[in-house]
Each structure stands twice: as C-alpha cells, then as structure tokens.
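Notes for the one structure printed next.
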There are 2 protein chains.
Amino acid sequence: MTSRNDAVPQTPLRADARRNVEALVEGARTVFARDGVDAHVKDIALEAGVGVATLYRHFPKRTDLVLAVLQHDVDECVETAQELAAAHTPMDALTLWLDRYCAFVLTKHGLAAALQSGEATFAGLGAQLLERLEPTLDELLQGARVTGAMEGGASAMDLLRAVAHLCTPGPAHIDYTRRMITLLLTGLRQDPAT
Amino acid sequence: MTSRNDAVPQTPLRADARRNVEALVEGARTVFARDGVDAHVKDIALEAGVGVATLYRHFPKRTDLVLAVLQHDVDECVETAQELAAAHTPMDALTLWLDRYCAFVLTKHGLAAALQSGEATFAGLGAQLLERLEPTLDELLQGARVTGAMEGGASAMDLLRAVAHLCTPGPAHIDYTRRMITLLLTGLRQDPAT
DNA sequence: TCGCCAAACGGAATCTGATTCCATATAGTA
DNA sequence: TACTATATGGAATCAGATTCCGTTTGGCGA
C-alpha cells in the first residue's frame with residue numbers, strides 16, 4: 001500500500017526539521033484528543049516543544065495538521081476492513097466495520113465538525129480521507145450485495161459521509177449515533193420482512 | 001400557541017431598546033443568510049444600524065441571536081406540519097414534512113454546524129429549537145404508526161437530529177442529504193418486501 | 001576535522017476580530 | 001420642562017492567529 005501522501009519535497013527535509021514534524025504530529029494528536037480540533041495553535045507548538053513559527057512552516061493550514069494526525073488512523077481503519085472481510089459474512093463485516101469507523105470518527109471528537117460545515121472544508125480535508133476509505137467500504141458493500149443481503153444502492157462515499165455526520169454530537173451521544181446507523185443499514189438491507 | 005419564549009423582563013424594555021432588538025434580529029437574519037452563522041458581530045451591528053455594545057446588551061451570546069432569528073422560522077415549520085397532516089396520508093405527510101424541515105435547516109447554512117459540534121452547544125441552542133419541533137414530528141410519527149405504515153421505533157428527537165446532521169454539508173449537497181433521509185425513512189418503514 | 005551557508009528555528013511584533021467600558025444621550029415620568 | 005434610570009455608540013482592551021526577522025544549526029565540501 002504505497003498510495004500514501006509521501007510526495008518528496010524538492011529539497012529533502014533537514015534532520016532537525018524531520019524530527020520537529022514528527023513531534024508536531026504527535027503533539028497535535030495529544031492536544032486534539034484533549035481539546036478537540038479547535039485547540040489553540042500555541043498549545044500544540046508547546047506540546048511539541050517547538051515555536052509557533054515552526055508549526056506554521058510545516059503546516060500552513062490547520063487542516064494540514066489534522067490530516068497528518070489522521071493519516072495513521074485511517075490506515076488502521078483500512079487494515080481492519082480487510083481483516084473483518086476475511087473473518088465474517090459480508091453483511092456482518094460491513095456492520096462491524098461501520099461500527100469501527102464510527103468509533104474512529106468519535107475518537108477524534110470535533111473531527112466530524114472539521115470534515116463538515118462548509119463546502120470548502122468538505123472538499124479539502126474530507127475528500128482526502130474519505131477517498132482513502134472509499135475503496136475499502138466499497139469492497140465490503142459489493143460483498144454484501146453479492147450475497148443478496150443488501151438491496152439498497154447507496155454509494156460507499158454516501159455512507160462514509162453519513163456516518164461521519166451522525167457522529168457529530170460526540171462520544172457522549174454514541175447511543176444516538178448507533179441507533180441512526182442501524183436505521184441506515186436497515187434501509188440498505190430493505191430487510192424482506194422480519 | 002403561547003408556548004413562545006416571551007418571558008417578560010423585570011423592567012419592560014424602553015421603546016428605543018425594543019426597536020433596536022427588532023433591528024438586530026432582522027439584521028442578523030440578513031447577515032447570517034449571507035455569511036453563515038459565523039458572521040462577524042460588527043457586520044450584524046452595522047446592518048442593524050446600532051453599535052456593537054447594543055448588540056451585546058441584548059444578545060450576550062451569539063447563540064441568543066441565532067435563536068431569536070430562528071424562532072420565527074421554527075413556528076412556520078410547526079404550522080406546516082399541521083397543514084400537511086390534514087391534507088395527506090400520515091406517511092406522506094411525514095415524508096413531505098421532513099423535506100420541508102430539511103429545507104429549513106439548509107436555508108440557514110451553518111445552522112446545522114451550530115446545532116452540533118460539542119455537547120455544550122447541542123444542549124444549548126439545539127435543545128430549545130428541537131424541543132419546540134419535537135411534539136410536531138412526534139404527532140406525524142404516531143399517525144404513520146397507527147396506519148401500520150411504519151414499524152421502526154426511532155424517536156422524533158432522533159430523527160430531528162439526524163436530519164439536521166445530514167444537512168451539514170450545506171445546500172450544495174442537497175442530493176446527498178435527500179438520499180440519506182430516504183434511506184432513513186426506508187429503514188423506519190421496514191418496507192415488508194417490495 | 002573545520003568552516004561555510006542555506007535551511008530551520010523561536011519568540012516578538014502584528015493583525016484580526018470579539019468583548020467590555022464609560023462618557024453621553026434619551027425615553028418616560030412627575 | 002426637569003429629572004433620572006435606561007440605553008447607546010464608539011473607544012479601549014483582550015485573545016488568539018499569523019507573520020517577521022535576527023539567531024542557530026545540520027550537512028556538505030575542503
């Protein structure tokens with residue numbers, strides 16, 4: 001899986017710079033987890049032990065930083081899908097994976113908010129992550145469709161967005177989120193009477 | 001319908017104050033529609049032709065202003081429900097009303113974002129509006145259930161929230177929103193085979 | 001190993017917008 | 001008409017984000 005965003009910069013980063021980028025991503029992960037994505041820039045720089053200018057040098061826009069933090073988790077999500085697909089019926093794998101994805105979104109409380117609200121951001125931050133996840137979910141959906149367990153034709157992208165949106169109220173409202181996801185799945189399944 | 005938030009202040013507002021409050025709500029409506037709920041406070045004051053201090057005097061928190069602007073539209077939404085219930089089958093009324101509600105949320109682009117993201121806001125701004133709408137939707141749901149057109153037991157509040165959440169990407173993505181709402185309804189209906 | 005210099009750094013300076021303060025103006029009453 | 005509590009507008013203050021600039025340092029060539 002080499003489709004990562006590892007575009008090599010014109011001039012390769014100096015060792016200290018590389019170290020700082022690393023520290024910033026880690027620091028951001030910590031601070032985002034604590035304060036949400038709207039955390040103060042200064043706090044992140046502090047946590048990483050660098051000046052704010054350094055932060056801005058490497059991550060001109062906040063979303064760049066959010067993106068970097070998430071990349072790793074997204075990769076994990078993709079791997080999970082493959083494992084689930086191997087160990088369960090397609091429909092179960094799908095259900096389980098959505099639950100996993102939901103947990104992922106919730107962990108980063110506020111991420112959902114960042115992914116949404118406003119065309120610009122949606123296209124920016126959202127697109128990159130969702131596009132990475134899309135083939136994964138699509139495969140699970142295809143699998144479920146083949147077994148006839150599912151009728152509905154919602155696209156993978158639709159589902160990814162919907163779940164993310166339904167996660168917005170945050171971890172405290174996970175019950176609500178679960179109920180709604182179940183409802184969506186029911187709709188997808190068009191369960192032929194129960 | 002006298003359940004409005006018309007708590008009379010200890011000292012009744014002076015005439016000029018009342019006029020300014022009016023102007024502020026109107027100004028806010030205009031500016032929110034143009035710039036979204038994150039519009040600059042100064043712009044709103046300018047549009048209303050008053051100083052910022054006046055704005056703060058009457059609406060200490062931004063949400064107070066948002067709330068005031070929305071109150072009227074929410075009332076309209078409630079009335080629409082009653083009309084629809086009278087003119088259609090319960091299930092149709094429900095579907096149509098949700099579409100109306102969805103349009104309402106979309107009109108105020110950014111409203112959804114305000115309603116969400118973060119427990120605090122959810123409880124604050126969200127609660128008041130949703131609670132006003134809740135009995136309305138609940139009645140429609142009851143109606144649909146009685147006719148046997150619907151099995152699912154999702155609560156009115158759940159649905160109100162879900163639709164609002166699914167509206168977050170904004171008016172430009174209304175197709176997505178509609179698809180997802182349809183899916184939810186399908187889930188609710190648990191259509192006994194098609 | 002040493003010295004050079006482009007890359008990188010940190011923190012101060014600046015900018016932007018929100019919030020508060022206060023001297024002035026006015027509605028409502030006697 | 002005069003008086004006073006209520007309101008007002010814009011200036012002052014504050015918070016946080018973003019940029020600037022003099023200093024430091026990694027990595028390379030001699």
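Below, read A as the first sequence line, B as the second, and so on, with proteins coming before strands; counting in each chain starts at 1.
Residue A/T54 places its side chain closer to C/dC9 than to any other of C/dC9, D/dA17, C/dA27.
Between the P atom of C/dA18 and the CG atom of B/L55 lies a distance of 10 Å, rounded to the nearest Å. In this structure, A/L13 places its CG atom 9 Å from P of C/dC9, rounding to the nearest Å. Here D/dT19 presents its C1' atom at 17 Å from NZ of A/K61, a figure rounded to the nearest Å. If you measure from atom CG of A/L46 to atom P of C/dG10, you get 12 Å, rounded to the nearest angstrom. A straight line from CG of A/L24 to C1' of C/dA8 spans 12 Å, rounded to a whole angstrom. Taking atom NE2 of B/H40 as the reference point, atom C1' of C/dC15 lies 13 Å away to the nearest angstrom. Residue A/N20 contributes atom CG, which lies 17 Å from atom P of D/dT24 at whole-angstrom precision. Note: OH (B/Y56) to P (C/dG17) measures 13 Å, nearest angstrom.
A salt bridge links B/E26 with B/R29: the closest approach of a Lys/Arg side-chain nitrogen to an acidic carboxylate oxygen falls below 4.0 angstrom.
Counting any heavy atom pair closer than 4.0 Å across all strands shown, A/A17 reaches sugar-phosphate atoms only and no base atom. Among the atoms of the strands shown, base atoms are found under 4.0 Å from some heavy atom of A/V52. The residue A/A15 sits close only to the backbone: its heavy atoms come under 4.0 Å of sugar-phosphate atoms, none of a base.
A donor-acceptor pair under 3.5 Å links the side-chain atoms of A/Y176 to the main chain of B/A162, judged by distance alone.
In terms of phosphate contacts, A/R57 brings a side-chain nitrogen or oxygen within less than 4.0 Å of OP1 or OP2 of C/dC9. At D/dA17, one or more side-chain N or O atoms of A/R62 fall inside 4.0 Å of OP1 or OP2 (strictly under the cut-off). For A/H58 and C/dC9, the shortest distance from a side-chain N or O to OP1 or OP2 is below 4.0 Å.
In this structure, the side chains of B/L183 and B/M180 come closer than 4.5 Å at one or more pairs of heavy atoms. Looking at heavy atoms from C-beta onward, A/E47 lies in side-chain contact with A/R34 at the 4.5 angstrom threshold.
The residue among B/D16 and B/K42 whose nearest nucleotide of DNA chain C lies closer to the 5′ end is B/K42. Comparing A/A53 and A/D38 by the nucleotide of DNA chain D whose heavy atom lies nearest to each, the residue mapping closer to the 5' end is A/D38. Between B/V41 and B/R19, the one whose closest nucleotide on DNA chain C sits nearer the 5' end is B/V41.
Counting distance only, with no hydrogens placed and no angle test, the side-chain atoms of A/R14 and the base atoms of C/dA8 include no donor-acceptor pair under 3.5 Å.
Relative orientation of the B/W97 and B/Y101 rings is parallel, given thresholds of 30° and 60° on the angle between their planes.
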